[in-house]
Amino acid sequence: MSTFQTLPGFREFYPGDCAVRNFIFDHFRRTAKSFAFEEYDAPIIEPMELFTAKSGDEIVSQLFNFEDRGGRQISMRPELTPSLVKMIGNRANAMKKPIKWFNIGEQFRYERPQKGRLRSFYQFNADIIGDDSPGADAEIVALAIQTLRNFALTRSDFRVRLSDRKLWAAFFESHGLDGTDTQAALVAIDKSEREGEAKTLEAVEKICPSNAGKIFEGIQRLKNVHSPRDLEKFCATCENLADAASGCAEFFALLKRMDEFGLSDFVTIDFGVVRGLAYYTGFVFEIFENSGQSRALAGGGRYDNLFGKLGYSGLPAVGFAIGDVTLGNLLGEKNLIPPLPREVRCFIVYTEQTEKIAMAKVIALRERNVDVDYCLSPTSFGKQLKAASQVGAKFAIIFGDEEVKANGVKIKNMLSGEEKPVEISKLAEVISQ
Ligand code: HAM
C-alpha cells in the first residue's frame, strides 16, 4: 500500500522543526522592530498578471498558477514585492513617507529542488518606500547585515556583494545598447555566475555582433572592480562613461553611510551581481555565505520604476528578502541554533478524588496565562510525573488526597526535585511569579 508523500520541494514542520522556524522568525521580527519597521501581510495568491507584468522571465517560468472556479488566472506568490507595491500603490496618498514595512511569509516557486532551493520557502522581506536617498539604501543593507549578525553570524560567515545597475545601464548605453538589449545583457551576466563566462560572450554576440569583443572586454573589467578607486578609474578610462561617474555619486554615498555605521567590513564591491529580477533600477546587492556551496542568503536593491510599471503613481523603493532555507542550513552548520526543548510551566498531578478541584485550577491558571498540562485521564502518580518530565514541565503541582483535604497542594520543582507545600488559594500567585 502506498502512503501519501509530501510534494517535491515542500516541507513538513514537525514541532521541533517549528521551534527552529520560530527561533529564526523571532530574530527577523525583533531586528526589523529595532529598525522601526512595521509588519504587514498580503494574500498568498494574487492575480497572475501581477507577477507576469514585471518580475522577469525566470520567475514567470516558475509560477505555481491555475485558473480558479471563476475563470480567473491566479498564481501563488513567488515573491512579495509586487504585492507590496499593489498594497501601497492603492493607498499611497493617505500614507506618510517613508514607509518602512516588513513581512515574514511563505513564497512558492516551481524550481528544481536542490540544496538551498525549494518550491516553498519563507522570506523575511523589508522595504522602504517613498525615499530615494542613499540613506534609505544604506538602512536596507544595514538591516540585512544586522539580521544576520543577530544570529551570531560574523564577517567570516557571510559577505554582502554590492553592485549598481545604473552603472551597468550607463555602460551598455555608452556602447549603443537600448533598454531591451541592456536587460538581455544583464540576464546573461546574472547567468554567468552559474553557467560560466562563455554564456555572457554568446549573449553579447547575439545582442551586438558588431561590437561584442569590446563590450565583453568592458564587462570583464567592470567585474574586476572591487574598490571605490578602481571604480573611479574604470569610469574615467571608459569611453562615454563620464556621466556614469556622476551617477555613481549615490553609490559612493551608500558606501560612506555603511562606513559611518561601522559596517564597511561586511561589504564588498562586486559588479558580478546584477540580480535575476527585472525590476531593479539602481544599487543591487546579494548576501552570500562564505563557506561550502556559497549560496545566496539574501538579495535586494532599489526599484524606482515598479510602481509606475504596475500602473500606480511613481514612488521610489528599495528593499531586500532573506530566505529561510539557506540561512537555516548555515545556522545549523555553524551550530548557531540553540537547543529548543519543549517547555511547559506546570503540570497538574491529580487523583480521582481531587479531579474536580484540580481541573478548576487548570482553567484558572491558564486564564492567568500560565501554561498548564496534565494527563487527560487520572492515572498513577508515577505515570503523571513521568509525563510531566516528558513535556519539559518546570513544576509539577500535586493535588494529593490528603493535601487537598487540608486546602493545600505540593509544588515540585522538576529540576531540583525539591517540594514545597502551598495553600490552594495562593497557588496561582505563587506559580505565576
Ligand atoms: P530573490 O533574490 O529572488 O529576491 O530572493 C531572495 C532570497 O530568497 C534568496 O536570496 C534566497 O535566500 C531565497 N530564495 C529565493 N528562491 C528560493 C527557493 N526556491 N528556495 C529557497 N530559498 C529561495 C526577491 O524575492 C525580491 N523580491 C527581494 C526584494 C524585496 N527586493 C526588493 N524587495
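Because the structure is predicted, anything quoted here is derived from the model rather than measured. Start at 1 and go down the list; that is how both ligands and their atoms are numbered.
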Can you tell which of F151, F35, F37, F28 makes a ring-ring contact (aromatic ring centres under 6.0 Å, His included) with F124?
F28
Regarding D157 and K334, does a basic nitrogen lie under 4.0 Å from an acidic carboxylate oxygen?
yes
Side chains of Y40 and D127: do they bring a donor and an acceptor to under 3.5 Å?
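Side chains of Y40 and D127: no pair found under 3.5 Å.
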Side-chain H-bond candidate by donor/acceptor type, N305 with T281, under 3.5 Å:
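Distance-only check fails for N305 and T281.
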Which pairs of N or O atoms, one from ligand 1 and one from the protein, are separated by less than 3.5 Å, and what is the distance for each pair?
{"unit_1": "ligand 1", "atom_1": "2 (O)", "unit_2": "R275", "atom_2": "NH1", "d": "2.8"}
{"unit_1": "ligand 1", "atom_1": "2 (O)", "unit_2": "R275", "atom_2": "NH2", "d": "3.0"}
{"unit_1": "ligand 1", "atom_1": "3 (O)", "unit_2": "R109", "atom_2": "NH1", "d": "3.0"}
{"unit_1": "ligand 1", "atom_1": "3 (O)", "unit_2": "R109", "atom_2": "NH2", "d": "3.0"}
{"unit_1": "ligand 1", "atom_1": "4 (O)", "unit_2": "R275", "atom_2": "NH2", "d": "2.9"}
{"unit_1": "ligand 1", "atom_1": "5 (O)", "unit_2": "Q123", "atom_2": "NE2", "d": "3.1"}
{"unit_1": "ligand 1", "atom_1": "8 (O)", "unit_2": "Q123", "atom_2": "NE2", "d": "3.1"}
{"unit_1": "ligand 1", "atom_1": "10 (O)", "unit_2": "A298", "atom_2": "N", "d": "3.3"}
{"unit_1": "ligand 1", "atom_1": "12 (O)", "unit_2": "A296", "atom_2": "O", "d": "3.3"}
{"unit_1": "ligand 1", "atom_1": "12 (O)", "unit_2": "L297", "atom_2": "O", "d": "3.1"}
{"unit_1": "ligand 1", "atom_1": "12 (O)", "unit_2": "G323", "atom_2": "N", "d": "3.4"}
{"unit_1": "ligand 1", "atom_1": "16 (N)", "unit_2": "R109", "atom_2": "NH1", "d": "3.3"}
{"unit_1": "ligand 1", "atom_1": "19 (N)", "unit_2": "E111", "atom_2": "OE2", "d": "2.7"}
{"unit_1": "ligand 1", "atom_1": "19 (N)", "unit_2": "L118", "atom_2": "O", "d": "2.8"}
{"unit_1": "ligand 1", "atom_1": "20 (N)", "unit_2": "L118", "atom_2": "N", "d": "2.9"}
{"unit_1": "ligand 1", "atom_1": "20 (N)", "unit_2": "L118", "atom_2": "O", "d": "3.4"}
{"unit_1": "ligand 1", "atom_1": "25 (O)", "unit_2": "R109", "atom_2": "NH2", "d": "3.0"}
{"unit_1": "ligand 1", "atom_1": "25 (O)", "unit_2": "Q123", "atom_2": "NE2", "d": "3.1"}
{"unit_1": "ligand 1", "atom_1": "27 (N)", "unit_2": "E79", "atom_2": "OE1", "d": "2.5"}
{"unit_1": "ligand 1", "atom_1": "27 (N)", "unit_2": "T81", "atom_2": "OG1", "d": "2.7"}
{"unit_1": "ligand 1", "atom_1": "27 (N)", "unit_2": "Y279", "atom_2": "OH", "d": "3.1"}
{"unit_1": "ligand 1", "atom_1": "31 (N)", "unit_2": "Y280", "atom_2": "OH", "d": "2.7"}
{"unit_1": "ligand 1", "atom_1": "33 (N)", "unit_2": "D127", "atom_2": "OD2", "d": "2.7"}
{"unit_1": "ligand 1", "atom_1": "33 (N)", "unit_2": "F320", "atom_2": "N", "d": "3.4"}

Do F64 and F10 make the cut of ring centroids closer than 6.0 angstrom?
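Under 6.0 Å, so yes.
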Ring-face cation contact, F121 with R109, 6.0 Å cut, 45° max:
no
